[in-house]
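Note that ligands are numbered from 1 as they come in the structure, with each ligand's atoms numbered from 1 the same way.
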Amino acid sequence: MKTEQTTNESPIALDIPKPLDQLSDVELDRKSCIGRVMTYTLSNMTNYFTVNGFQWLLPVALSRSTDPLWPDPGASIDKRIEVDIYGETVRTTSSMIVHKLIASSLAYPKLFILSPNIRIEKAERARTGRHVYEFTQLDFEARGATSSDIMRLVEDAVSGLVESLKKDGGEDLRLLGRYDALKVTKRPFATYDAAKLEEEYGSDWEAKLVGEIKEPTWVINIPREFYDFEDFDSGRWDNYDLMMPGYGEVLSGSRRECEYEKMLAKMDRENVRKENFALILKLAKEGRVKPTAGAGIGIERIVGWITGAKHIGETQPFPKVPGTVYEL
Ligand code: ATP
Ligand code: ASP
Ligand code: MG
């Protein structure tokens, strides 16, 4: 989550990543180096989740139901892609949140997916350096888990990744000038409450926080989509974002809403089209949506942070920069 005036939105002059065929030899070497870090990250993280008992599900591209991405104070979607097939309207995956909640509740208690997400971000988001219009989340969910279980799991994953990458991929990190800067020494990570950050820093809190922290840091209690757990009495949200120093958000997640009445009330409050979420509502009504918690790590974001890429399109072989459509 973010507001519209974060560092991420600032109109800094930023080179827009070019397609492979337009890169110089030096730029191709850098691309290849970032590519090795990407390979290491994918291998390390998928291994981490499988050894921790998570089943690996393959992603889907088209469904009737996908993440509404609403309400999110930072959402900036230019258009949604819907297409008719077999007489039904389907949408390209914006995130597999609904699939995760149902899959974890019914058949795969602990699961993860490398899930391609299509979000046609507004063209001005090319300048944030943190948005592309196609990206991949390592999206995971665990039945019966608490927020704190997930936060500790992520802390281990991130610390383990940085530690082993420094050991096995130190040469690449040095080439990228990132070896010394990459530090994850403290666990648990520091945690800030979004409501307090807003009081202290105003709506621009994300940029200010990210400019001050020196290590990965959690922000909790962020108002957003219906599937994150909200305590209707206190108004507090049981959710979390992981922020990287000098960089910004790389992960969002939460304990989930699983009660039918609450889901319905939130959809009504937020004008979310209930007909697009008929299945999860039906299952919740039948008591078949179980308490789960999980999160999604933006793969290009975390590799962008590790490698110091100015624009996350640099981490993609075929950059998908908002506002620019290349042949590949
Ligand atoms: P942001 O506020 O930074 O725009 P978000 O909060 O809208 O992101 P989420 O819906 O929380 O994004 O998506 C989960 C994760 O996917 C984010 O934490 C981030 O790592 C990644 N992500 C989201 N949007 C993009 C994008 N356009 N390009 C690359 N990665 C993204
Ligand atoms: N992946 C996120 C989560 O697990 C949801 C999202 O992508 O918006 O909460
Ligand atoms: Mg988020």
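- At the top of the distance list for atom 7 (O) of ligand 2, counting protein heavy atoms only, stands Gln137 NE2, 2.7 Å.
- By the 4.0 Å heavy-atom criterion, Met96 is excluded from the residues contacting ligand 2.
- Glu200 and Tyr192 share no side-chain donor-acceptor pair at under 3.5 Å.
- Taking every non-hydrogen atom of His131 and a distance limit under 4.0 Å, the qualifying atoms of ligand 1 come out as 1 (P), 3 (O), 4 (O), 26 (C), 27 (N), 28 (N).
- Proximity of Phe318 to Tyr326: side-chain heavy atoms (C-beta onward) are nowhere separated by under 4.5 Å.
- Backbone and side-chain nitrogen or oxygen atoms of Asp139 are examined, and one is located within less than 3.5 angstrom of a nitrogen or oxygen of ligand 2.
- In this structure, atom 2 (C) of ligand 2 lies nearest to the protein heavy atom Ser252 O, 3.7 Å.
- Heavy-atom contacts of Gly298 reach the following atoms of ligand 1: 20 (O), 21 (C) (cutoff under 4.0 Å).
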What donor-acceptor contacts under 3.5 angstrom involve side-chain atoms of residues 46-53, with partners at least two apart or in another chain?
from	atom 1	to	atom 2	distance (Å)
Thr46	OG1	Leu42	O	2.7
Thr46	OG1	Ser43	O	3.3
Tyr48	OH	Leu153	O	2.8
Thr50	OG1	Thr46	O	2.9
Thr50	OG1	Asn47	O	3.0
Asn52	ND2	Tyr48	O	2.8

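- Comment: Asp67 does not engage Lys100 in a salt bridge, judged by the lack of any side-chain N to carboxylate O separation of less than 4.0 angstrom.
- Residues Glu257 and Lys262 are paired through a salt bridge, judged by an N-O separation under 4.0 Å between the basic side chain and the carboxylate.
- Through side-chain heavy atoms spaced under 4.5 Å, either directly or across other Ile, Leu, Val, Met, Phe, Trp or Tyr residues, Ile85 is tied to Leu62, Val83, Tyr86, Val90.
- Considering only non-hydrogen atoms, atom 29 (C) of ligand 1 lies nearest to Ile312 out of Asn117, Thr128, Ile312.
- On a distance-only criterion, Arg119 and ligand 2 share at least one N/O pair closer than 3.5 Å.
- Residue Leu251 touches ligand 1 through its backbone alone, judged by heavy-atom distances below 4.0 Å.
- Ranking protein heavy atoms by distance to atom 5 (C) of ligand 2, first place goes to Tyr227 OH, 3.7 Å.
- Remark: minimum distance from atom 9 (O) of ligand 2 to any protein heavy atom is reached at Arg256 NH1, 3.0 Å.
- Proximity of Phe189 to Pro216: side-chain heavy atoms (C-beta onward) are separated by under 4.5 Å at one or more points.
- Nearest protein neighbour of atom 6 (C) of ligand 2, counting heavy atoms only, is Asp67 OD2, 3.4 Å.
- Using a 4.0 Å cut-off between charged side-chain N and carboxylate O, Glu225 and Lys266 make no salt bridge.
- In the candidate list Pro322, Gly304, Ser252, Ser252 is nearest to atom 11 (O) of ligand 1, counting heavy atoms.
- Considering only non-hydrogen atoms, atom 3 (O) of ligand 1 lies nearest to Arg301 out of Met243, Arg130, Arg301, Glu300.
- In the vicinity of Arg125, heavy-atom distances shorter than 4.0 Å reach the ligand 1 atoms 4 (O).
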